[in-house]
Every structure is written in structure tokens, then in C-alpha cells.
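Encoded as C-alpha cells, the structure appears first; notes follow it.
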Protein chains: 2
Amino acid sequence: MIKEDSNLIGVKEIARRANVSIATVDRVLHKRGGVAAKTKQRIEEIIKEMDYKPNMLAKRLASKKIYRFAVLIPEESKETEYWKLPLDGIKLALEEEGIFGVEVTYYLFDLDDRNSFTEQGKKILATPIDAVIIAPSFITEAMEFSKTCMEKKIKFVFINSDIPLITPLSYIGPDLYQSGRMAGNIAHYLIKDKGVLVLNISKELDATYHLVKKTEGFESYLREKDSITQIHKLTLNQTDYESVSLELEKFLQYNEVDLIFVTNSRVFVVAEYIKEKGLPIKLIGYDYLESNLKFLEDGEIDFLISQQPVKQGYIAMQTLYNYFITSEDVMKIQHMPIDVLTKENYKYYKL
Amino acid sequence: MIKEDSNLIGVKEIARRANVSIATVDRVLHKRGGVAAKTKQRIEEIIKEMDYKPNMLAKRLASKKIYRFAVLIPEESKETEYWKLPLDGIKLALEEEGIFGVEVTYYLFDLDDRNSFTEQGKKILATPIDAVIIAPSFITEAMEFSKTCMEKKIKFVFINSDIPLITPLSYIGPDLYQSGRMAGNIAHYLIKDKGVLVLNISKELDATYHLVKKTEGFESYLREKDSITQIHKLTLNQTDYESVSLELEKFLQYNEVDLIFVTNSRVFVVAEYIKEKGLPIKLIGYDYLESNLKFLEDGEIDFLISQQPVKQGYIAMQTLYNYFITSEDVMKIQHMPIDVLTKENYKYYKL
DNA sequence: GTTCTAATTGTGTACGTACACGAAGTTATC
DNA sequence: GATAACTTCGTGTACGTACACAATTAGAAC
């Protein structure tokens with residue numbers, strides 16, 4: 001018999017009320033079967049009645065199952081310093097959530113080499129894995145990889161950018177279009193009468209899907225405001241200073257602009273150029289990077305837009321965690337805030 | 001004797017290596033004394049060697065001590081809708097951290113009545129309490145209350161604004177001066193040749209310490225940029241629409257401005273006025289509130305600055321939690337990011 | 001009724017830490 | 001050398017949940 005000790009808590013209390021053992025309650029809670037229909041019903045009622053919330057501490061302490069996650073994102077380099085940040089977020093989440101029960105392996109690919117994505121992807125598929133965090137930088141390759149994951153019942157989330165036609169467990173990243181509109185909004189205050197240049201700088205053309213989205217948003221905003229502003233567009237697929245400055249030189253020979261909007265984090269290259277030439281051109285770009293902040297502080301860059309790269313990693317991890325360990329519902333789309341940074345507030349920006 | 005089972009973990013493993021029982025290890029870990037000097041040393045070495053990190057889950061599960069926290073902040077009202085947000089943050093933290101071991105009581109005072117602060121404060125001091133989260137809206141009263149707390153060894157943190165001369169366990173809130181500078185930065189893009197009006201709207205004059213700080217920052221930025229911009233200042237201590245519009249009417253009769261900068265969340269009152277009169281005046285103000293967002297969407301308000309009110313509550317709670325339960329070091333000052341909101345990005349702003 | 005199988009339920013131990021209590025061992029006191 | 005008093009240390013139970021295994025009961029077959 002169960003003792004009449006009241007003020008019990010959790011499964012014990014349920015067991016007492018239902019006059020069964022905690023194991024039976026456990027079976028119901030985990031839908032493990034093997035419980036008589038009416039017992040089950042009785043227990044379920046009590047659970048509802050008590051509004052029972054399992055103690056997560058105890059739960060995780062007692063559960064020994066290990067989930068294996070993989071991370072497939074670009075490696076950090078001087079040119080793509082950015083990718084350190086989402087990685088930091090992932091690691092942070094791992095620490096905070098208490099490492100118990102998750103094992104993460106990192107597979108980093110080269111943003112300048114689409115094959116490296118596929119290679120790393122293959123490595124992942126060769127290991128027993130429950131889920132992957134993917135930065136789908138190369139559309140075709142990412143689509144293929146995603147499909148294989150779906151076949152193998154491996155869950156995956158996208159961070160930083162999404163790709164068409166594929167629905168991951170969750171997308172964690174900016175609303176690219178709206179991000180462009182935000183830039184347009186600011187730009188509108190900076191453009192006088194000479195117009196603006198939208199600048200895409202990227203080696204792998206495939207990686208420009210999200211640049212295009214931003215450009216669209218940007219244009220749409222300006223066009224709504226007025227239809228006369230000159231909007232020039234330029235795409236460069238060499239990222240080094242020499243190439244960029246050369247192209248800019250050429251462009252500016254025949255055109256005048258108030259503002260340059262760089263659609264990704266390589267805005268520092270342009271800033272360098274503007275600084276060197278001492279041009280009176282305003283500059284908007286992306287991402288909280290050392291190389292950009294320098295120019296923000298100095299005044300060459302007027303605005304930086306940042307979309308919480310660290311948080312993206314953090315939330316991606318958390319999302320998988322919630323899905324697997326606490327089996328919560330996960331949101332299909334988790335858009336990041338669109339943060340506006342200037343010289344005056346960037347120091348307070350928490351990544 | 002201890003069994004030679006290897007791959008033990010945590011205290012057990014320490015105990016095995018030191019050839020003592022886990023209770024002895026526990027004594028060392030908690031500095032509870034009653035351990036022979038050389039035993040203690042041996043254990044401490046092993047702890048360091050292993051880089052032992054206690055399992056927080058187990059720790060919290062096993063610990064039954066209850067900490068009692070109080071929260072002393074303004075109550076929410078139509079006029080101060082704002083204060084719901086930090087409260088939400090506090091509650092959110094409570095949920096996420098797992099309610100175990102903390103008991104929170106709320107004491108809300110009336111922002112229009114300084115005595116209510118003192119009254120609620122007295123109530124708090126009459127209960128056994130470990131720490132308080134304070135919004136020190138009234139300087140004198142908050143100073144007095146803080147001092148009593150210090151005498152009684154009650155820890156306290158400030159949120160949203162700090163006060164001079166008092167050092168709480170931690171200050172969680174904006175850098176007011178810099179927040180003003182940020183506003184100045186934006187303002188600089190909006191001001192043409194007619195100058196700007198800095199508008200303080202607040203009933204209790206004492207609650208304006210942080211408005212003053214913001215104003216200082218705002219001015220300092222504009223003055224650095226140029227010394228000719230006309231900066232008007234106006235303080236209103238009636239907050240209702242009639243009074244405000246009356247005063248604005250009077251002011252605008254003799255002055256022209258490009259921009260009005262409202263130093264707190266009551267910017268919606270001004271927006272209403274501008275809308276009604278159809279004035280071509282830009283508007284910057286504070287805080288992500290329903291009443292403000294409406295005007296942001298409609299275009300009367302151009303920029304809102306927000307300083308993560310929910311997060312302030314969340315972090316305040318987390319800070320106390322870390323201090324008491326996990327006895328981590330806490331940062332004396334935890335400044336919030338200075339977020340810039342416009343029509344284009346506010347929907348993505350996570351509170 | 002007996003025996004056997006399947007369905008149902010209970011017991012016990014583990015997770016890593018906290019802490020009450022009690023068991024040794026040591027030193028002091030007469 | 002016996003007793004007290006203190007120092008030092010170990011045993012055992014608890015926290016709330018998970019799960020392996022054992023135990024009980026019900027139903028079927030003879």
C-alpha cells in the first residue's frame with residue numbers, strides 16, 4: 001500500500017492519488033504502453049488535474065540517453081571572421097544547457113569552395129547522428145544534403161540564411177528581405193540627390209541568394225518612397241582590396257553617389273577605399289566584426305546592420321535541444337531582430 | 001575501502017582518488033570545516049587537477065534551501081505600460097531557471113506617488129528576505145531604502161536606472177548618457193536648419209534623474225557635430241494629452257523645429273498631437289509600447305529607442321540567482337544594448 | 001482446478017549532490 | 001586507565017525522474 005504521506009510531489013504524488021506505483025505513472029507519461037486502459041485514463045486525469053510539470057532537473061539528471069548533433073557551417077577565416085560568432089553561440093548553449101546528453105561534432109567547410117561543403121556533408125552522413133545545424137551557403141549542395149537527411153530521418157535546422165523549397169525543422173536567421181528594407185529605411189535619410197550604389201561582393205555566386213533578397217528589400221523600400229532616386233547595382237566576385245578598389249574606381253569615374261550599401265560583411269573593404277580616397281560617401285553594411293567596427297568608430301561606415309550571429313547559433317542549439325530532450329514544439333521560423341549599429345551604440349551591443 | 005571502479009564522475013571520483021568518502025569531499029567543497037589539514041589539501045589538489053565542475057542539475061535537485069527575493073518596481077498603468085515588461089522578464093527567468101529554490105514576492109508602487117515607494121519598501125523590510133530587485137525611481141526614497149538594505153545585509157540590484165552614490169550588487173539597465181548620444185546621432189541626420197526640441201514629460205520631478213542624463217548625452221553629441229543647431233528644452237509635469245498639447249501649442253507659436261526628442265516613453269502623446277495638427281516634425285522617443293508602435297507604423301514617430309526592458313528583468317533575476325545559488329561573481333554594471341527601432345524592423349524586435 | 005502465457009503492475013537502483021547522523025579516532029582530564 | 005570532549009571521517013537517505021527487472025494478476029486452455 002501507498003503511504004498516506006501527503007505533500008508529495010511529482011510522479012510520487014500522482015502515483016499516490018491513483019493508487020498505483022510510480023512506474024505505472026511513468027509508463028503513462030512516456031506512452032510506453034502496457035497499462036490497463038482504465039488505469040491509464042485515471043492517471044491521465046490526475047495528471048491533467050494536477051497540471052503536472054515534470055522537474056526538468058531530475059529528468060535530465062536521470063536520463064542517460066545521448067543525442068548526437070553535427071554542425072555544418074563555414075570555417076572562420078580572415079575574410080569570413082563572421083562565422084566565429086554563430087559557433088560561439090552554439091558552444092555557449094552547450095555550456096549553459098548543461099552538457100549532459102548532447103554530443104556535438106563540428107564540420108567546417110570553405111566558403112570559397114563548394115565541394116568542401118559536399119565533402120563535409122558526406123562525413124556527417126557516415127556517422128550516427130540525430131540532427132544537423134546547417135548554414136546552407138551553397139544552394140544546390142545544401143538542397144541535396146537536406147534531402148539525404150530527410151531520407152535518413154535526420155533532423156536539420158538552417159541558420160543565417162535559408163534556401164527555397166526546403167523546409168527545415170526550423171530556420172533561425174534574418175528575414176533577408178526585411179533586412180534590406182531596413183537598410184533602405186536608413187538609406188533614405190542619407191541619400192541626397194546623387195543616388196545610391198548597391199554593392200554585392202562575393203566569390204561564390206551561389207552564396208549570393210541572400211544578397212539578392214536583401215537587395216530586393218532595399219530597392220522596394222526606396223521605390224516606395226520615391227521613384228527618382230538613382231539606384232545603381234554592382235556585383236563583384238573578387239573580394240580582395242585591389243580588385244574591389246579597382247572596380248569602384250571604374251564605377252565612380254562615370255557615376256556619383258551619396259551612399260554605398262554593401263549587402264554583406266565585406267563593407268570594410270569599401271570603407272578602406274573611401275578612407276584612402278577621402279570620399280564624401282556614406283556607407284551602410286553588415287555585421288559586427290572587428291574589421292568593420294574600426295571603420296564605424298572612425299566614421300567611414302555610418303551604419304552597420306547586425307542580426308545577432310551568436311544568438312543564431314545559440315538558438316539553433318537550443319531548438320534542437322528542445323526538440324529532442326524536452327520534446328517541445330519548435331517554431332518553423334525564428335527570425336532574428338534587425339539591429340542597427342552606429343558609433344554611438346555599438347559598444348553596448350551584446351552579441 | 002573504496003572500490004577501484006574507474007570512470008566514476010564528480011565527487012565520487014574525487015573521493016576515490018583521495019581515498020576518502022564523498023562526505024569528506026563535500027566538506028571541502030563547501031568549506032564546512034572538520035577536515036584534517038592534510039586531507040583537505042590533498043582533496044583540493046585533486047579537485048584542481050580534475051578541474052572539477054559540479055553538476056548543476058544534481059546540485060539544485062539536491063539542495064532544498066529556499067531563497068526569498070522581493071521585487072520593488074512601479075505598477076503597470078495606462079500611463080506606464082512599460083513596467084509590465086521588466087516584470088515579464090523576471091517571471092520568464094523564474095520559469096526557465098526552474099522554480100526550485102527561489103520564492104519571489106512583488107511589491108508594486110505608484111510612479112505618481114513617492115510615498116507608495118516608501119510604504120512598499122517597509123513591507124519588504126518586515127519580511128525575511130535575501131535580496132531585492134529595485135527600480136529606484138525616486139532618488140531620495142531609494143537611497144534611504146538601499147541603506148537600510150545594506151545594514152540588514154540584504155542584497156539589492158537596480159534595474160532601468162541607477163542613482164548616484166549607491167552601489168548595488170549590480171546595475172542592470174541602459175547607459176543613460178550614451179543612450180542620449182545615440183538619439184543625438186540619429187537626430188543629427190534628421191535636423192535640417194530649424195533645430196530641435198528636447199522634451200521631458202514626467203509628473204514626479206524626482207523621477208527625472210535619468211531624463212536629465214539622456215538630455216546631457218543628446219546635447220553633447222549635437223554640440224560635437226556643430227554648435228549652431230538650436231536646441232530647445234522643455235519640461236512638462238503634466239502627462240495628459242490636453243496639458244501636453246497646450247504646452248506644445250504655446251511653444252510652437254514662437255519656435256520652429258525639425259525634430260522633437262522625447263526623453264521617455266510618453267512620446268505617443270506628442271505623436272498624437274503631431275498627427276492631429278499634421279505637422280512636418282520628425283519624432284524620436286523611447287520604448288517599445290503598443291501606444292508608441294502604432295505611431296511608428298503610421299509614420300508620426302520616426303525612431304524609437306528601446307533598451308530591452310524584458311531582458312532587464314530577466315537578467316536582474318538571473319544575477320541574483322547566480323549570486324546566491326551558483327555563487328558566481330556578478331558584474332557590477334550590466335548595460336543593455338541601445339536598440340534602434342523603425343517601422344521596418346520593429347516587428348522583428350524580440351523583447 | 002491446474003498450468004501456462006500474456007498483460008499488468010511494483011520494486012529497486014541509478015543519476016550527482018547535500019546533509020543529518022553516527023562511528024571511529026585523538027587528545028585532554030582526573 | 002577510564003571517561004569525557006573534541007576532531008575527523010563514513011554511512012545512509014533524500015531530491016524527482018528513468019528504466020531494468022521482478023512480481024503479481026488475469027485470462028486462456030486443458
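Within every chain, numbering begins at 1; the chains are lettered A, B, ... in the order of the sequence lines, protein sequences first and strands thereafter. Predicted, not measured: the structure shown is a model, and the values here were computed from it.
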Contacts of type ring pair (Phe, Tyr, Trp, His ring centres under 6.0 Å), residue A:F145, not counting sequence neighbours: none
Side chain to side chain contact (heavy atoms under 4.5 Å, CB included) involving A:K123 - partner list, sequence neighbours excluded: A:Y107, A:Q120
Partner set under side chain to side chain contact (heavy atoms under 4.5 Å, CB included) for B:D175, not counting sequence neighbours: A:Y348, B:Y177, B:Q178, B:H335
Partner residues of B:T39 under the side-chain hydrogen bond (donor to acceptor under 3.5 Å, both in side chains) criterion, sequence neighbours left out: none
Show each protein N/O and nucleotides 18-20 of chain D N/O combination with a separation under 3.5 Å, one pair to a line.
{"residue": "D:dA18", "atom": "OP1", "partner": "A:H30", "partner atom": "NE2", "Å": "2.9"}
{"residue": "D:dA18", "atom": "OP2", "partner": "A:D26", "partner atom": "OD1", "Å": "3.1"}
{"residue": "D:dA18", "atom": "OP2", "partner": "A:H30", "partner atom": "NE2", "Å": "3.3"}
{"residue": "D:dC19", "atom": "OP2", "partner": "A:R32", "partner atom": "NH2", "Å": "2.9"}

Interface residues of residues 35-42 of chain A with DNA chain C (non-hydrogen, below 4.0 angstrom): A:V35, A:A36, A:T39
Any residue meeting side-chain hydrogen bond (donor to acceptor under 3.5 Å, both in side chains) with B:S170, in chain and number order, not counting sequence neighbours: B:Q334
Pairs satisfying salt bridge (charged side-chain N to carboxylate O under 4.0 Å, His left out), at least one member in residues 39-56 of chain A, at least two apart: A:R17-A:E49, A:D51-A:K53
B:T118: partners by side chain to side chain contact (heavy atoms under 4.5 Å, CB included), with sequence neighbours left out: B:E141
Angle by which the axis turns from one end of the helix from C:dG1-D:dC30 to C:dC30-D:dG1 to the other, five pairs per end, to 10 degrees: 70°
Listed partners of B:V104 passing side chain to side chain contact (heavy atoms under 4.5 Å, CB included), at least two apart: B:F69, B:V71, B:L94, B:Y106, B:M317
All pairs passing salt bridge (charged side-chain N to carboxylate O under 4.0 Å, His left out) where residues 21-34 of chain B contributes a residue, at least two apart: B:D26-B:R32
